[in-house]
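Here is how names work: the chains are called A, B, and so on, in the same order as the sequence lines, proteins then strands, and each is numbered from 1. What you see is a predicted model, and the numbers here were worked out from it, not measured in a lab.
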2 protein chains.
Amino acid sequence: MSGAIRNRMQLHQQNIQSVLAEVFNHQPISRIEISRNLALNKSTVSSLYRDLKEQGYVEELGEGDASNVGGRKPVLLAINRRYGYTMNFDFGYRHLHVMQNNLSGDVLSYKQVNVKGLTLKQILPLINHELESVASQDNTSHGLLGISFAIHGTVDQNAVTYSPFLDMEHIDLADYYTKKFQVPVLLENEANVSAVYERDFNKANEQLQNMVTISIHRGIGAGLIIDQKLHRGTHGEAGEIGRSVLINGNWSDEPGKVEDFCSEDAIITQIQAAKNAENMSREDVVQLFKQGDEATKVALRGFVTSVAQIIYNTANSFDPDVVFLNSPLLEALPELEPQIESVYAKMAPTILIPVKLTHNSHYATLLGGCALVTREALGMEDANLNFEAQTTVL
Amino acid sequence: MSGAIRNRMQLHQQNIQSVLAEVFNHQPISRIEISRNLALNKSTVSSLYRDLKEQGYVEELGEGDASNVGGRKPVLLAINRRYGYTMNFDFGYRHLHVMQNNLSGDVLSYKQVNVKGLTLKQILPLINHELESVASQDNTSHGLLGISFAIHGTVDQNAVTYSPFLDMEHIDLADYYTKKFQVPVLLENEANVSAVYERDFNKANEQLQNMVTISIHRGIGAGLIIDQKLHRGTHGEAGEIGRSVLINGNWSDEPGKVEDFCSEDAIITQIQAAKNAENMSREDVVQLFKQGDEATKVALRGFVTSVAQIIYNTANSFDPDVVFLNSPLLEALPELEPQIESVYAKMAPTILIPVKLTHNSHYATLLGGCALVTREALGMEDANLNFEAQTTVL
DNA sequence: TTGTGAGTTGGTTGTTTGAACAAACTAATT
DNA sequence: AATTAGTTTGTTCAAACAACCAACTCACAA
């Protein structure tokens with residue numbers, strides 16, 4: 001009720017944003033096409049577009065093809081790719097991933113910075129260096145528009161509330177960078193941004209209302225898109241399925257946790273125990289598996305089954321259109337994916353939710369953050385925007 | 001995008017509905033108060049109200065109190081309780097529950113009809129009899145406005161897709177009654193309507209965005225309110241947590257299901273096995289427990305633990321503001337509820353989601369259906385409406 | 001091959017419309 | 001007299017509309 005449009009001014013603002021969203025989602029597009037899509041009179045669209053052009057958000061690309069029955073050529077409109085850029089970061093275990101994107105979500109640059117073993121205080125100067133180096137080469141009209149950070153932990157009210165893999169040392173990233181640059185700074189859980197990526201960067205998912213992205217990294221969590229909106233939960237903890245316990249009805253037993261069965265860490269721990277090894281990495285697991293190592297095969301068979309069971313439970317809880325798996329381990333061993341699907345199919349005899357792998361999970365994470373912070377920069381938090389990650393650098 | 005308001009006509013329609021919603025939610029209310037709440041000019045509210053009065057939805061109740069510093073008395077407006085009524089049904093195991101409500105959600109009549117052992121074909125005439133008997137006594141201006149059925153099973157596209165406790169015999173209730181009465185007919189899962197009840201009939205929950213209602217009857221399911229909207233899932237199967245399996249990572253083992261641990265049927269089966277009994281009912285369990293029967297105590301201790309574990313998992317998955325338990329067994333043994341809370345509290349050291357019992361679960365189910373079908377009758381499916389179940393019959 | 005005109009489409013300009021608004025009013029109260 | 005509720009009357013302004021211009025395709029005749 002509170003967010004409802006009530007008067008002409010608000011209506012006008014919303015219509016301007018609708019036109020901008022149309023340009024965003026269907027660029028290059030003509031005025032007349034926007035007019036048809038939005039059921040607004042073409043003169044109204046022309047007028048609204050003029051406003052957007054004055055603000056610099058959009059630009060004319062040139063003429064398109066005329067209809068094949070005659071008529072004037074349309075003028076093609078698009079997002080102004082030189083308006084500004086966002087900076088998007090992902091705190092990985094070994095690397096800090098850095099991506100620069102324009103207003104339209106195109107990748108302007110991507111870089112991995114080695115941060116293995118570093119504390120957050122030691123990482124901050126590296127982040128600042130990236131921000132400065134990009135700023136110095138910038139030739140856009142409005143420069144930096146926003147910054148996003150993907151967090152492998154939970155986030156509430158734009159602050160990290162739980163971070164098992166990186167000590168946040170009570171540093172408030174949002175506060176620090178907002179003060180430094182006066183732009184929106186956004187922290188978001190990694191599974192959540194990955195889910196946003198699937199919603200916003202994948203044309204195939206445009207019509208889907210509900211999606212779950214199960215992120216299997218060192219821990220395990222889910223990003224939830226419900227009615228095309230990211231569901232964060234009341235405390236930003238929705239989708240923390242890794243903490244779930246196995247219902248056993250037993251008062252005294254400490255119930256097992258999902259994470260103990262199918263996080264990447266759990267699998268590695270299991271193989272290390274069997275092989276009396278230490279400090280194994282994902283790459284070691286992949287190599288052992290490819291060498292046909294028996295203990296690894298057993299562990300990964302358990303992994304496959306657990307993941308299938310998680311998919312089944314998730315499907316029962318959320319009933320999404322599709323389940324995505326964002327897992328570097330699965331990305332490295334794609335042959336496991338059909339096995340997961342087959343185990344899952346045996347469990348779910350009637351309704352089968354399609355299962356898909358998220359490819360290039362680091363890009364997904366960064367682009368999801370880009371999508372969220374770009375919306376903030378535009379003041380269009382609730383708009384349906386379809387981004388297209390073109391790696392063409394202008 | 002498609003549901004957005006774009007022109008003055010749509011804006012006008014929406015504002016009319018906003019005024020109606022204000023009357024609904026804050027009746028009795030004056031025009032000036034609506035004007036303040038909606039940030040609409042008082043003359044605009046007057047004009048919009050005139051439209052609603054012509055349609056018969058609202059009426060003037062009389063004068064309210066003037067401000068204590070002088071000034072004219074406000075005229076109090078309210079929903080016209082003689083506009084029409086909805087009929088709401090709940091297929092219980094032993095009884096068909098029937099409720100008649102006016103436009104404002106007040107209970108006009110409530111009745112239980114014995115249907116134990118009857119097939120749906122045998123129940124239909126009983127339903128028709130109730131509809132006819134109510135219609136014959138009706139003195140409202142528009143009569144029957146809509147019909148709702150609470151289904152102990154899953155519903156998709158207004159048709160039952162799974163019904164473990166009552167054979168639907170391929171009867172399309174929605175089709176049958178829509179054709180018969182030309183009013184909206186709504187089928188909805190019982191846990192879902194129960195969740196809607198908590199959202200719409202409980203002033204205390206007005207500000208809450210996310211709620212989960214765990215319904216523990218013969219089976220177990222959850223109704224999900226996310227961002228104040230009922231989340232049904234893509235196939236109407238969201239919240240089917242009873243089917244969830246216990247992650248064990250074991251390829252060959254048939255994994256246990258949640259429903260095997262903590263549905264009412266599971267508890268009864270367990271006690272029956274221990275006592276070599278048959279055909280036990282919930283009342284028998286309650287009686288045995290109150291007599292201090294050991295096997296029953298053990299079973300219910302397991303029930304308490306399982307429910308606490310389910311709450312924990314649900315809280316991790318959805319992160320709601322509150323979890324409601326709709327369970328006739330718990331309603332009969334309210335002393336178990338603090339035990340559940342205490343077990344849950346031990347599992348969740350940081351964020352504790354409040355747990356509450358839904359009282360009078362049958363009323364909750366019927367009123368939830370009433371709330372949904374009343375919205376359909378008004379063409380206001382997405383409005384925030386707070387109903388108030390006053391049992392005062394006019 | 002070229003030229004012409006009918007038909008079509010994209011976009012602009014000037015005018016109309018109508019729902020919300022604002023101000024001035026009446027009514028009823030402290 | 002001051003204050004508040006609600007009505008009446010006239011104003012406002014963003015969207016709709018109508019008429020227009022611009023620029024294209026195509027068919028067909030010369």
Would you please confirm or rule out a distance under 4.0 Å between OP1 or OP2 of [N] and any side-chain N or O of [X]?
X: R31(A); N: dT9(C); value: no
X: H12(A); N: dA15(D); value: yes
X: N15(B); N: dA20(C); value: yes
X: S46(A); N: dG11(C); value: no

For R8(A), answer base if it contacts any base atom (sugar-phosphate contacts may also be present), sugar-phosphate if it contacts only those atoms, and nothing otherwise; contact means non-hydrogen atoms under 4.0 Å.
-> base
Could you check whether V45(B) gets within reach of a base, just the sugar-phosphate, or nothing at all, counting any heavy atom under 4.0 Å?
-> nothing
When you get a sec, tell me which of [options] is the closest nucleotide to the side chain of [X]?
X: R50(B); options: dT8(D), dG11(C), dA16(D); value: dT8(D)
X: R36(A); options: dA15(D), dT29(C), dG10(C); value: dG10(C)
X: A66(B); options: dT12(C), dC24(D), dT29(C); value: dT29(C)
X: N41(A); options: dC21(C), dA16(D), dT29(C); value: dA16(D)
X: S30(B); options: dG6(D), dT29(C), dT7(D); value: dG6(D)
X: P74(A); options: dA16(D), dG11(C), dA20(C); value: dG11(C)
X: T44(B); options: dC21(C), dG6(D), dC24(D); value: dC21(C)

Atom [atom1] of [X] and atom [atom2] of [N]: how far apart are they, to the nearest Å?
X: N7(A); N: dA15(D); atom1: CG; atom2: C1'; result: 14 Å
X: E63(B); N: dA5(D); atom1: CD; atom2: C1'; result: 10 Å
X: K73(B); N: dT7(D); atom1: NZ; atom2: C1'; result: 20 Å
X: L38(B); N: dC21(C); atom1: CG; atom2: P; result: 10 Å
X: N68(B); N: dA5(D); atom1: CG; atom2: C1'; result: 15 Å
X: I32(B); N: dT4(D); atom1: CD1; atom2: P; result: 10 Å
X: L48(B); N: dC21(C); atom1: CG; atom2: C1'; result: 12 Å
X: L77(A); N: dG11(C); atom1: CG; atom2: C1'; result: 11 Å

Pairwise side-chain contact, L11(A) with I5(B), heavy-atom cut-off 4.5 Å (strictly under) = yes
So, does the side chain of [X] form a donor-acceptor pair with the base of [N] at under 3.5 Å?
X: K42(B); N: dG6(D); value: yes
X: S43(B); N: dA22(C); value: yes
X: R72(B); N: dA28(C); value: no

Heavy-atom count around K180(B) NZ within 6.0 Å, excluding the residue itself: above 12?
-> yes
Residues, nucleotides or ligands: over 12 heavy atoms within 6.0 Å of Q157(B) CD = no
Mind checking whether Y57(B) and Y83(B) have parallel, tilted or perpendicular rings, split at 30° and 60°?
-> tilted
Do the side-chain N and O atoms of Y49(B) and E22(B) include a donor-acceptor pair separated by under 3.5 angstrom?
->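 Judged by distance alone, the side chains do not pair up.
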Would you find a donor on one side and an acceptor on the other, under 3.5 Å apart, between the side chain of N102(A) and the backbone of S104(A)?
->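 Yes; at least one donor-acceptor contact below 3.5 Å.
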